[in-house]
Amino acid sequence: MATDPNRNARYGLTLRRLRQDRHIRELTREVRVSPTQLIQPHFVVEGLRGREEVPGLPGVFRETPDSLLKQVDQDLEESTDKLLIFGVPGEKRDTDIRFDFTAWQIEALRRRFGADLWIAVDVCLCSFTTHGHCGVLNREQDHVINDASVEQLARAALEYAQAGANCVAPSDMMDGRIAAIRQALDGGGCERTLLMSYSAKFNSRFYGPFREAANSAPRAALKDRASYQIDPARADDAYLSSQRDADEGADILMVKPGLPYLDILKDLSQRIPRPWAVYEVSGEYGALEALAAQQLMDGPNAHVECWTAFVRAGASMILTYGARYARRWLAGA
Ligand code: PBG
């Protein structure tokens, strides 16, 4: 039989030789996902009778203060030792907003687990206000007032830092909040507290399940977050926002959501040499879970595939609702 040695050698086996078995595939990977680079989000809600599973996010709960401690204990046993906390107060108010419920949870976690646990906390107003916006609204409720919002956010960040958070993470998208928060932290004796900015946060439909969990959907004359979050078609805005936040003193920058904005993550992580986080948000996570629940997809490996894409695109850390399963899922990948 006539063979074409050239064709065979040049195009045939050359690439497939390195794909042929598990061993060589493991040896040739350019990036690896480690459970140590994942951060587990938690919702803790004031006034719940018992914990409730979040619709669309199997295995994720709206925790009570007690169930939060139990869940974190269990997670730590499996070495999931980094978390991001979302506090949801029982009473919503638009003036004299109180951050003490969230601060108490941070204090309780620190008291119980000490330095074994790395605690980040989301800093925003959307779960705290009656209107569900990330800042303070004007009287007509059709505009978020920037500087009044920044003032509240800086107050929240300092309170959380003093309660023992390792890292404060503002997700509100107001202008100037990074500088204001850094100044408040330094002035309040929290020079070592890290500042992770949700710097490239897009106005996304993928936050759906989260807004149920955090009770934070916008409900006012101002109907959505388009006037403060980044438009999905504006990569330039994501760059400007991230560079500005780096200049204002953010230690860590973030792209959010993850999968629909991989191009942004790759581009910005190359242009701005800072540690980059990516948030695999509730809608992305839940979409995979929904397909997996119908047995239409291998869920664990689909999650690992997405995490691999994030690392390949330049993320050094990933916020994901699946962090607590990562050891198991990565062992099977
Ligand atoms: C609030 C906030 C949101 C998320 C984190 N912090 C949603 C929003 O902007 O409405 C989304 C997280 C997720 O969907 O998992 N500022």
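Quick caveat: nothing in here was measured; it's all calculated off a predicted structure. Ligands are counted one by one from 1 in listed order, and the atoms in each one are counted from 1 as well. What's counted below: heavy atoms across the whole structure, side chains too, no hydrogens, waters or symmetry copies.
Close approach to F86 involves these atoms of ligand 1, each under 4.0 Å from a residue heavy atom: 5 (C), 6 (N). Near K201, meaning under 4.0 Å from any of its heavy atoms, are these atoms of ligand 1: 1 (C), 2 (C), 3 (C), 6 (N), 7 (C), 8 (C), 9 (O), 16 (N). Listed by atom number, the atoms of ligand 1 under 4.0 Å from R225 heavy atoms are 8 (C), 9 (O), 10 (O). Listed by atom number, the atoms of ligand 1 under 4.0 Å from C124 heavy atoms are 16 (N). Close contacts of ligand 1 with S171, meaning ligand atoms under 4.0 Å from a residue heavy atom, involve 1 (C), 2 (C), 6 (N), 16 (N). Within the listing of ligand 1, atoms 1 (C), 16 (N) sit less than 4.0 angstrom from a heavy atom of C126. Those atoms of ligand 1 with a heavy atom of D122 less than 4.0 angstrom away are 6 (N).
Counting only distance, with no hydrogens or angles, the side chain of R25 and the backbone of R19 share a donor-acceptor pair below 3.5 Å. No donor-acceptor distance shorter than 3.5 angstrom exists from the side chain of E63 to the backbone of H42, with no hydrogens or angles considered.
Contacts of C134 with ligand 1, taken as heavy-atom pairs under 4.0 Å, involve the side chain alone. Within the 4.0 Å heavy-atom criterion, neither part of D172 lies near ligand 1.
The list of side chain to side chain donor-acceptor pair (under 3.5 Å) pairs with a residue in residues 238-248, not counting sequence neighbours, reads D175-R244, R177-D245, S197-D245, S199-S242, Q243-D247.
Close N/O approach between Y321 and ligand 1 is found [any backbone or side-chain N/O within under 3.5 Å]. Taking only nitrogen or oxygen atoms, main chain and side chain alike, Y198 does not reach within less than 3.5 Å of ligand 1. Checking only distances, S216 never comes within under 3.5 Å of ligand 1, N or O to N or O.
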Determine all donor-acceptor pairs shorter than 3.5 Å in which one atom belongs to a side chain in residues 200-210; sequence neighbours excluded.
{"residue": "K201", "atom": "NZ", "partner": "S171", "partner atom": "O", "Å": "2.9"}
{"residue": "S204", "atom": "OG", "partner": "F206", "partner atom": "N", "Å": "2.9"}
{"residue": "Y207", "atom": "OH", "partner": "F202", "partner atom": "O", "Å": "2.6"}

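For the pair K256 and ligand 1, a heavy-atom separation below 4.0 Å is found. Within the 4.0 Å heavy-atom shell around ligand 1 one finds Y279.
Contact annotation: the side chain of L109 approaches that of L117 to within less than 4.5 Å [non-hydrogen atoms, C-beta and beyond]. Contact check for L158 versus T193: no side-chain heavy atoms found under the 4.5 Å cut-off.
The closest side-chain donor-acceptor pair between Y228 and H133 falls under 3.5 angstrom. Checking D75 against Q71 by side-chain atom types alone, a donor-acceptor pair falls below 3.5 Å.
If you run side chain to side chain donor-acceptor pair (under 3.5 Å) between N166 and each of R192, R110, K82, only R110 comes through.
With hydrogens left out, the protein atom closest to atom 10 (O) of ligand 1 is R211 NE, 2.6 Å, a heavy atom.
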